[in-house]
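If you're wondering where the values come from, they're calculated on a predicted model, not measured in any experiment.
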Amino acid sequence: MLLRATPPHTFTHTLHATSDPQPLRVWICSQRARSVKMPSYSWLLALYLAALTGNTDGAVARESTERNCSSTPPYLPSTAVNTSLQLEELRVQMRGMNISAYIIPATDAHLSEYIAPRDARLAFMTGFTGSAGTAVVTLNKAALWTDSRYWVQAERQMDCNWELEKDVSISSVAQWLISEVPKGDEIGFDPFLFSLKTQEDYNINLESSDRSLKSITENLVDKVWKERPSVPPDSLTRLPDRVIQRTWQEKVEHIRTQMGDSPYKPTGLLLSALDETAWLFNMRGNDIPYNPFFYSYTLLTMDEIWLFLHMERVTEELKVYLNASCEGALCVQLKGYDTILDHLKNYVTRPGVKVWIGTEYTNYALYEVITPQDKLLTSSYSPVLTTKAVKDETEQQILRDAHVRDAVAVIQFLMWLEKTVPEGNQTELTAAEYVDKCRSKQKDSRGPSFGTISASGPNAALAHYSPSKETNRRLTVDEMYLVDSGGQYLDGTTDITRTVHWGKPTEMQKEAFTRVLMGNIEISRTIFPSGTRGVNMEMLGRRALWEVGLNYGHGTGHGVGNYFGVHEWPVGFQSNNIPFRAGMFTSIEPGYYKENDFGIRIEDVAVVVPVQTKYGNNYLTFDTVSLVPYDRKLIDTSLLSSEQLHFLNKYYETIRSMVGPELDNQGLREEKDWMLRNTEPFAEIGSSASVSSSSLTLIALAVALLHNIV
């Protein structure tokens with residue numbers, strides 16, 4: 001799955017769109033029932049154009065459904081949300097706080113990539129449900145900033161109360177604020193929704209304008225959101241022992257050792273990212289779509305542990321598990337989720353304390369109470385995130401096991417598509433539903449790890465596309481199809497992308513696909529010193545494309561968790577990722593996208609493993625754990641080097657040896673036959689099955705000579 005270029009809270013441009021959570025979808029539908037509706041006949045033209053192209057299933061996507069606020073009267077499609085009431089009520093709150101503007105980000109208090117429906121404040125205020133954006137409301141205007149993926153969606157969903165701004169930088173937001181807010185006035189924001197860098201960037205852009213930020217810890221949108229979804233009532237759970245190598249007590253002691261070894265001698269460690277607390281205590285929840293996290297903070301000291309969460313969700317069994325009835329160094333003191341700020345304030349008043357935070361995931365509300373500065377220790381990532389990035393032996397093995405079962409599901413899916421697409425009844429949405437169904441039948445399945453990117457033809461040219469009723473296309477043998485999907489299992493998280501063609505691909509499509517594959521192989525087979533940063537080898541995924549003037553506009557890979565987030569920071573190929581070490585898992589996913597035509601992405605998950613070299617021992621390489629063959633008809637083997645062909649054939653041998661027995665165990669004979677056909681070895685240069693061009697020339701010359709003799 002495509003990765004953001006930087007952690008989600010530091011900017012507004014993301015590289016993956018997700019399906020709306022059902023509670024949010026219900027709320028949006030109720031708002032649309034109140035929206036202004038006007039007739040439109042543009043669907044007739046769309047249908048006519050669709051008839052000309054032979055794809056009536058795409059007619060809805062070509063209908064002119066965007067708002068027109070300059071017409072008289074303004075035109076609003078049925079998908080637009082009437083936001084007049086919430087804007088009016090928010091402005092009442094703003095006047096009460098004596099602020100002239102209020103900033104509404106699209107994240108939560110943990111600066112998460114995925115947010116729960118109850119944190120979708122941007123959607124509530126604007127009607128816009130895209131996964132990236134910033135809204136600003138003044139006493140007489142309102143504007144939304146979002147990136148190019150969402151411009152059309154915003155025009156369809158927002159009413160004319162809102163301006164759409166197409167520069168997503170904080171400097172653009174700040175300049176708009178300077179033009180709309182009178183000098184000397186204050187601009188409100190919720191510090192729980194700002195990262196340290198976001199707050200700093202706004203301050204820098206506003207500092208000489210005689211306008212200032214005002215931190216308001218009680219969110220003003222929440223005060224007017226009368227039907228805001230509640231926290232899920234589900235009880236929290238602990239992981240079973242069979243998927244755990246390190247107990248939570250062992251993890252706590254290991255982190256305390258790192259605190260003690262620090263030359264800066266921190267006395268406390270504040271954990272704000274949701275996966276930090278979940279990892280530390282081997283616990284999981286169901287608060288965030290696609291992610292088994294729960295709302296929580298942890299404050300860990302050398303002799304105390306405070307866990308802040310919704311107490312009513314902690315069972316008696318969990319209290320025993322956490323030693324919650326005592327006050328020793330390995331006893332977890334449970335506190336209410338909303339008490340973190342007050343508790344942290346009290347802690348920093350103690351003499352001699354120093355709190356260690358990871359700046360990438362700590363919100364500004366918590367940061368600003370750690371004063372004076374000599375009581376603060378910062379690093380980009382906490383020691384929990386960097387420790388979690390290296391999987392232990394058990395985590396590595398069970399994550400490999402999860403990928404074997406996931407491969408079975410994807411093979412079932414691809415075989416089904418191969419059979420049914422020629423019948424003309426499948427669409428992007430039915431395909432997305434079916435791959436989820438295949439995964440749900442596998443052992444320890446816990447649902448998808450993100451909303452499936454199921455994209456056909458020109459839709460696949462949108463690297464961040466997510467299918468909807470409005471954009472849904474019928475799958476045909478005449479178009480390429482890209483599917484980026486993943487599963488959550490009790491023992492691991494998966495993420496894989498395959499691109500296929502059921503008819504006859506063009507030469508351009510074959511070359512582009514092969515060059516993307518070459519990039520995937522070149523990264524996967526490279527050998528590098530331990531401690532190498534992914535950004536220093538990322539160009540290997542692009543080189544074959546660059547050679548012919550092609551490229552792609554997204555990241556090349558991201559970390560993957562063990563029944564965690566499908567994007568697990570801080571591993572990957574970005575400039576702010578940490579160096580690779582043995583035991584880390586990352587995706588490798590180069591691609592190519594031809595506008596309005598097709599898209600290609602080949603994504604595998606790989607684990608970093610030690611490799612023995614001729615002269616050095618401290619070297620690493622990647623071992624691919626995704627085990628699904630690529631589409632043979634899209635591979636032009638004449639472009640591959642002998643090393644690349646050999647790597648591909650060895651990979652196919654691995655698929656046969658690893659997935660074959662699992663297919664047998666599940667009684668999937670037809671699927672095994674499909675797998676065997678699609679993993680037949682390619683003829684390698686120099687093998688008996690391969691004849692070089694020079695050999696062919698000699699044979700032709702010999703035949704000619706014999707003919708002349710006769």
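Under a 3.5 Å cut-off, the side chain of Thr387 and the backbone N or O of Val384 do not form any donor-acceptor pair. Formation of a donor-acceptor pair under 3.5 Å by the Thr493 side chain with backbone atoms of Tyr563 is found in this model. The closest donor-acceptor contact from the side chain of Ser657 to the backbone of Thr654 lies under 3.5 Å. The backbone N or O of Pro467 lies less than 3.5 Å from no partner atom in the side chain of Thr471, so there is not a single donor-acceptor pair. Looking only at distances, a side-chain donor or acceptor of Gln644 sits under 3.5 Å from a matching main-chain atom of Ser641. Within the 3.5 Å criterion, the main-chain N or O of Lys510 finds a donor-acceptor partner in the side chain of Thr514. One N or O on the side chain of Asp636 and one on the backbone of Ser638 form a donor-acceptor pair closer than 3.5 Å. The main-chain N or O of Thr494 is found under 3.5 Å from a side-chain atom of Ser449 such that the two form a donor-acceptor pair.
Tyr592 does not carry Arg601 over the face of its six-membered ring by the limits of under 6.0 Å from the centre and within 45° of the normal. Lys388 forms a cation-pi arrangement with Phe564, by the criterion of a distance under 6.0 Å to the ring centre and an angle within 45° of the ring axis.
Note that CG of Leu648 and CD1 of Ile635 are 5.5 Å apart. Values are rounded to the nearest 0.5 Å.
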Could you go through Thr637 and Leu645, starting from their C-alpha distance and side-chain angles, then the distance that decides it, and tell me whether this counts as side chain to side chain contact (heavy atoms under 4.5 Å, CB included)? CA-CA 8 Å; Thr637 56; Leu645 270 172; 4.1 Å; yes
Show the numbers, then the answer: is there a side-chain hydrogen bond (donor to acceptor under 3.5 Å, both in side chains) between Asn577 and Arg533? CA-CA 7 Å; Asn577 290 147; Arg533 291 183 176 273; over 6 Å; no
Would you sort out whether Ile496 and Val410 count as a side chain to side chain contact (heavy atoms under 4.5 Å, CB included), showing the intermediate values? CA-CA 9 Å; Ile496 185 171; Val410 178; 4.0 Å; yes
Could you walk me through whether Asp406 and Gln442 pass the side-chain hydrogen bond (donor to acceptor under 3.5 Å, both in side chains) test, one step at a time? CA-CA 8 Å; Asp406 195 71; Gln442 293 300 314; over 6 Å; no
Start with the C-alpha gap between Phe622 and Thr526, add the side-chain angles, then the distance that decides, and say whether side chain to side chain contact (heavy atoms under 4.5 Å, CB included) holds. CA-CA 7 Å; Phe622 296 104; Thr526 192; 4.2 Å; yes
side-chain hydrogen bond (donor to acceptor under 3.5 Å, both in side chains), that's the test. Do His558 and Asp495 meet it? Break it down for me. CA-CA 10 Å; His558 55 82; Asp495 183 8; 3.1 Å; yes
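Two rings, from Phe294 and Phe281, have their centers 6.0 Å or more apart. In summary, the aromatic rings of Tyr465 and Tyr593 are positioned with their centroids too far apart to meet the 6.0 Å limit.
Contact detail for Gly583 and Gln396: the closest heavy-atom pair is CA-NE2, 3.5 Å. Taking each heavy atom of Phe598 and Ala512 in turn, the nearest pair found is CE1-CB, 4.4 Å. The nearest pair of heavy atoms linking Tyr652 to Thr679 is CD2-CA, 3.5 Å. Taking all atoms of both residues into account, the shortest heavy-atom contact from Ala455 to Ala460 is CB-CA, 3.5 Å. Scanning all heavy atoms of the two residues, the minimum distance from Ser626 to Tyr651 falls at O-OH, 2.7 Å.
Between Asp631 and Arg498, none of the side-chain N atoms (NZ, or NE/NH1/NH2) sits under 4.0 Å from a carboxylate O, so this pair counts as no salt bridge. A salt bridge between Glu662 and Arg405 is absent, with no side-chain N of the basic residue lying under 4.0 Å from a carboxylate O of the acidic one. Of the charged side-chain nitrogens involved, at least one lies within less than 4.0 Å of a carboxylate oxygen, so that Asp444 and Arg242 count as a salt-bridged pair. Remark: Arg525 engages Glu522 in a salt bridge, criterion side-chain N to carboxylate O under 4.0 Å. Using a 4.0 Å cut-off between charged nitrogen and carboxylate oxygen, Glu568 and Lys391 count as a salt-bridge pair. Between Glu653 and Lys650 there is a salt bridge, with a side-chain nitrogen of the basic residue lying less than 4.0 Å from a carboxylate oxygen of the acidic one. Residues Arg446 and Asp491 are not paired through a salt bridge, judged by the lack of any N-O separation under 4.0 Å between the basic side chain and the carboxylate. Arg473 has a carboxylate O that lies under 4.0 Å from a charged side-chain N of Glu479, or vice versa, which qualifies the two as a salt bridge. Electrostatic pairing of Glu511 and Arg515 counts as a salt bridge here, judged by a charged N lying under 4.0 Å from a carboxylate O. Look at Arg238 and Asp241 and you find a salt bridge, because one of the NZ, NE, NH1 or NH2 atoms lies within 4.0 Å of a carboxylate O, short of that distance.
For Glu595, the CD atom sits in a loose shell: 12 or fewer heavy atoms of surrounding residues, nucleotides or ligands are nearer than 6.0 Å.
Between the side chains of Glu428 and Ser454, not a single donor N or O lies within less than 3.5 Å of an accepting N or O. A side-chain donor from one of Asn282 and Lys251 sits under 3.5 Å from a side-chain acceptor of the other. Checking Arg439 against Ser485 by side-chain atom types alone, a donor-acceptor pair falls below 3.5 Å.
Note on ring orientation: taking the six-membered ring where Trp is involved, the planes of Tyr290 and Tyr114 are perpendicular (angle over 60°, cut-offs 30° and 60°). Classification of the Trp416-Tyr434 ring pair by plane angle, with boundaries at 30° and 60°, yields parallel. Below 30°, between 30° and 60°, or above 60°: for Tyr552 and His554 the angle between ring planes is between 30° and 60°, a tilted geometry.
None of Pro292, Ser112, Pro232 except one satisfies the side-chain contact (heavy atoms from CB on, under 4.5 Å) rule with Asp287; the exception is Pro232. Put simply, the residue from Arg284, Met283, Glu317 that forms a side-chain contact (heavy atoms from CB on, under 4.5 Å) with Thr237 is Arg284.
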